[in-house]
> 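Got a structure for you, written out below as C-alpha cells; questions coming shortly.
Chain identifiers are assigned alphabetically (A, B, ...) following the order of the sequence lines, protein sequences preceding nucleic acid strands; residue numbering begins at 1 within each chain.
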Number of protein chains: 2
Amino acid sequence: MDLLRSEGLEAVSMRRVADRLGVAPNSIYAHVADKAALVDELIDAMLGGVATPTDDGWRARIERVMRDSRRELLAHPDLVPFALVRQSVGPNALRLGEVTLGALREAGLDGPAAVTGLQVLLVHTIGSAAFETGRTGDPDPAARGRRGRERAAEFGGVTAELSEPISRWSGDEVFERGLGWLLDGLVPGSGRAR
Amino acid sequence: MDLLRSEGLEAVSMRRVADRLGVAPNSIYAHVADKAALVDELIDAMLGGVATPTDDGWRARIERVMRDSRRELLAHPDLVPFALVRQSVGPNALRLGEVTLGALREAGLDGPAAVTGLQVLLVHTIGSAAFETGRTGDPDPAARGRRGRERAAEFGGVTAELSEPISRWSGDEVFERGLGWLLDGLVPGSGRAR
DNA sequence: CGTTCATATTGGACAGTGTACATTTAAATT
DNA sequence: AATTTAAATGTACACTGTCCAATATGAACG
C-alpha cells in the first residue's frame, strides 16, 4: 500500500514488494495466489478507509457509504479500474455491501430488488470514479507517424467541441446527480429532488 | 482485432501483432505512439459496430445507442475495463457522443446539463458492462498458503450469502433498470416507469 | 533521369515482468 | 527429539514494452 501510494501501481511489482519486505520475490506466493489476488487485497485494504455509517435514515446511510467509497477511490486512482471488474469480496467490501443492503431493505425493497439496487449503486459510484480518474493530463490525441497526424487533422475541430467540455465539468456533479436519480428510481414514491 | 477476438487481450502484444502483419515488432511504432494508443484504437474500432440510431423519439435513440454499445462491450470483454478509464476520443466515440448529446438537447436539456447527462449514461453503460464482465468463472476466493485458507474460513458463511446472489442475478436487469431511472431523472417530468 | 527527403522497416538490445521448480531453512506439532 | 507443516530461497523460463542507430523504400522535384 505504501508503494502504491508513493509510486503508483506500476511500481507494485512482485520484486519491488519483496524488496520492501526484505524477502525474495517468490516468498510472496506463499501468502497470495496471484498478483491479481494481491491487487484484490489492495482494493479491500483501500475500502478499509470507509467507515460503517450510523446515520438515521436509510438514504443518508447509503449516500454516506457511496460518497466515502468515492473519496477513497479517488485517493487511489490506480486501483479504480480493477475495483469494478474484479469486484473483491474481501471483508471490507462485504461489510459495506451488507450495510447498504440493509438500508435498501429498510427502504422497502425485497431481496432480489435490493441486490439489483446495490449493484446499480456500485456501478455508478465506481464507474464515475473511473471516468473521472481517466484522462487527467495529456491533451495530445495525435499519435506519432503519418497516421497519427492525419487522424488529428481529420476530426480536429469536433474533438475540441465535445471532448473539451467533457473533461472540464466536475465529476462531483456527475456523481451526485446520478446518485440522486438512482435513489429516486430505486424507491418509487420517495423522490427527493423532483 | 482478430487477435483480440480469438485469443483475448493478453495475446495482443506488439510482437504477436507484428507477427500477424509479417513485420518486425518495432515497425508498429511508426503508426501508433504507444501500446495504450493501440488499445485506444481497438476500443474505437469496437464502437464501429454500434450503428447511428435513427429512431423517432429522443428516448428511443438514447436507449438504442446505450443498448448497442453494451452489446458490443460484452462481445469484447477484455476492452471494457479500458473503455471507462481511457475514454477514447476516436471517430466512433465522437459520433455516438454527439448523437446522444443531440437527443438530450432535444429532450430539453441545455449545454452543461446535456454533457452531465451523457457522462452519467456512459458511466452506467460501460460500468455495468464492466461489472457484468468481471468474475465470470472461478468461484474460488481462497488464496494459496496459510493466510489464504485462514481467510476463507474467517468469513466463509457470509461470502456465500452476499456474493453468490450478486453473481447470479442478470446483468440485463441492472443495466435496464438503471438506464430507466437515469433517463427518468435526467428529464424531470418525463418519467416512464413510475 | 538521378537525387533528395520523409516515411517505413529492421536487428539488436535493455530493463523489466509474472511465475514455476526443486531445494533448503524455520517453525509448529506430536 | 522426531516428524510434519509452512515459509523462504536461488535459479531459470518465456515473455513484455520500448529505445537506438542503421537501413530500405517510396514519392516528389529539379
> Distance check needed: D:dC19 P versus B:Asn26 CG, whole Å only.
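Atom-to-atom, B:Asn26 to D:dC19, this comes out as 10 Å.
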> What is the distance, to the nearest angstrom, from the CD1 atom on B:Ile28 to the C1' atom on C:dT7?
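Rounded to whole Å, this separation is 16 Å.
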> With a 3.5 Å cut-off and just heavy-atom distances, do the side chain of B:Arg15 and the base of D:dG17 make a donor-acceptor pair?
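Between D:dG17 and B:Arg15, which were checked side chain against base, a qualifying N/O pair under 3.5 Å is present.
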> Does A:Leu122 share a hydrophobic cluster with A:Val187, counting links as ILVMFWY side-chain heavy atoms below 4.5 Å and allowing steps through other members?
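Cluster IDs for A:Leu122 and A:Val187 match.
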> Spell out, as yes or no, whether a donor-acceptor pair under 3.5 Å connects the side chain of B:His76 to the backbone of B:Arg5.
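Judged by distance alone, no pair lies under 3.5 Å.
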> In whole Å, I'd like the distance from the CD atom of B:Glu10 to the P atom of D:dT16.
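B:Glu10 atom CD is separated from D:dT16 atom P by 10 Å.
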> By nearest atom, which of the nucleotides C:dG18, C:dA8, D:dT9 is closest to the B:Ala30 side chain?
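Of C:dG18, C:dA8, D:dT9, C:dA8 is nearest to the side chain of B:Ala30.
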> Using atom CE of A:Met14 as one end and atom C1' of C:dT19 as the other, report the distance to the nearest whole Å.
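That distance rounds to 8 Å.
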> Answer with yes or no whether the hydrophobic clustering places B:Val23 together with B:Val12; edges join I, L, V, M, F, W, Y residues whose side-chain heavy atoms lie under 4.5 Å apart.
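Looking at the clustering, B:Val12 is in the same group as B:Val23.
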> Looking at the side chain of B:Ser27, which of D:dG10, C:dT9, D:dA12 is the nearest nucleotide?
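Ranking D:dG10, C:dT9, D:dA12 by closest atom to the B:Ser27 side chain puts C:dT9 first.
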> Without decimals, in angstroms, what is the distance between B:Asp19 CG and D:dG17 P?
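Going from CG in B:Asp19 over to P in D:dG17 covers 12 Å.
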> Is B:Arg70 reaching over with its side chain to a backbone N or O of B:Ile126, donor-acceptor style, under 3.5 angstrom?
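The answer is no, because no donor-acceptor pair under 3.5 Å joins these two groups.
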> Atom CG of A:Leu9 and atom P of C:dT17: how far apart are they, to the nearest Å?
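One finds 12 Å between P of C:dT17 and CG of A:Leu9, rounded.
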> With a 4.0 Å cutoff (strictly under), does any side-chain N or O of A:His31 reach OP1 or OP2 of D:dA8?
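So the side-chain polar atoms of A:His31 do come within 4.0 Å of the phosphate oxygens OP1 or OP2 of D:dA8, strictly under.
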> Find the distance B:Tyr29:OH to C:dT9:P and express it as a whole number of Å.
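It works out to 15 Å between those atoms.
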> Take the protein atom NZ of B:Lys35 and the nucleotide atom C1' of C:dT17, then report the distance between them rounded to whole Å.
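The distance from NZ of B:Lys35 to C1' of C:dT17 comes to 13 Å, rounded to the nearest Å.
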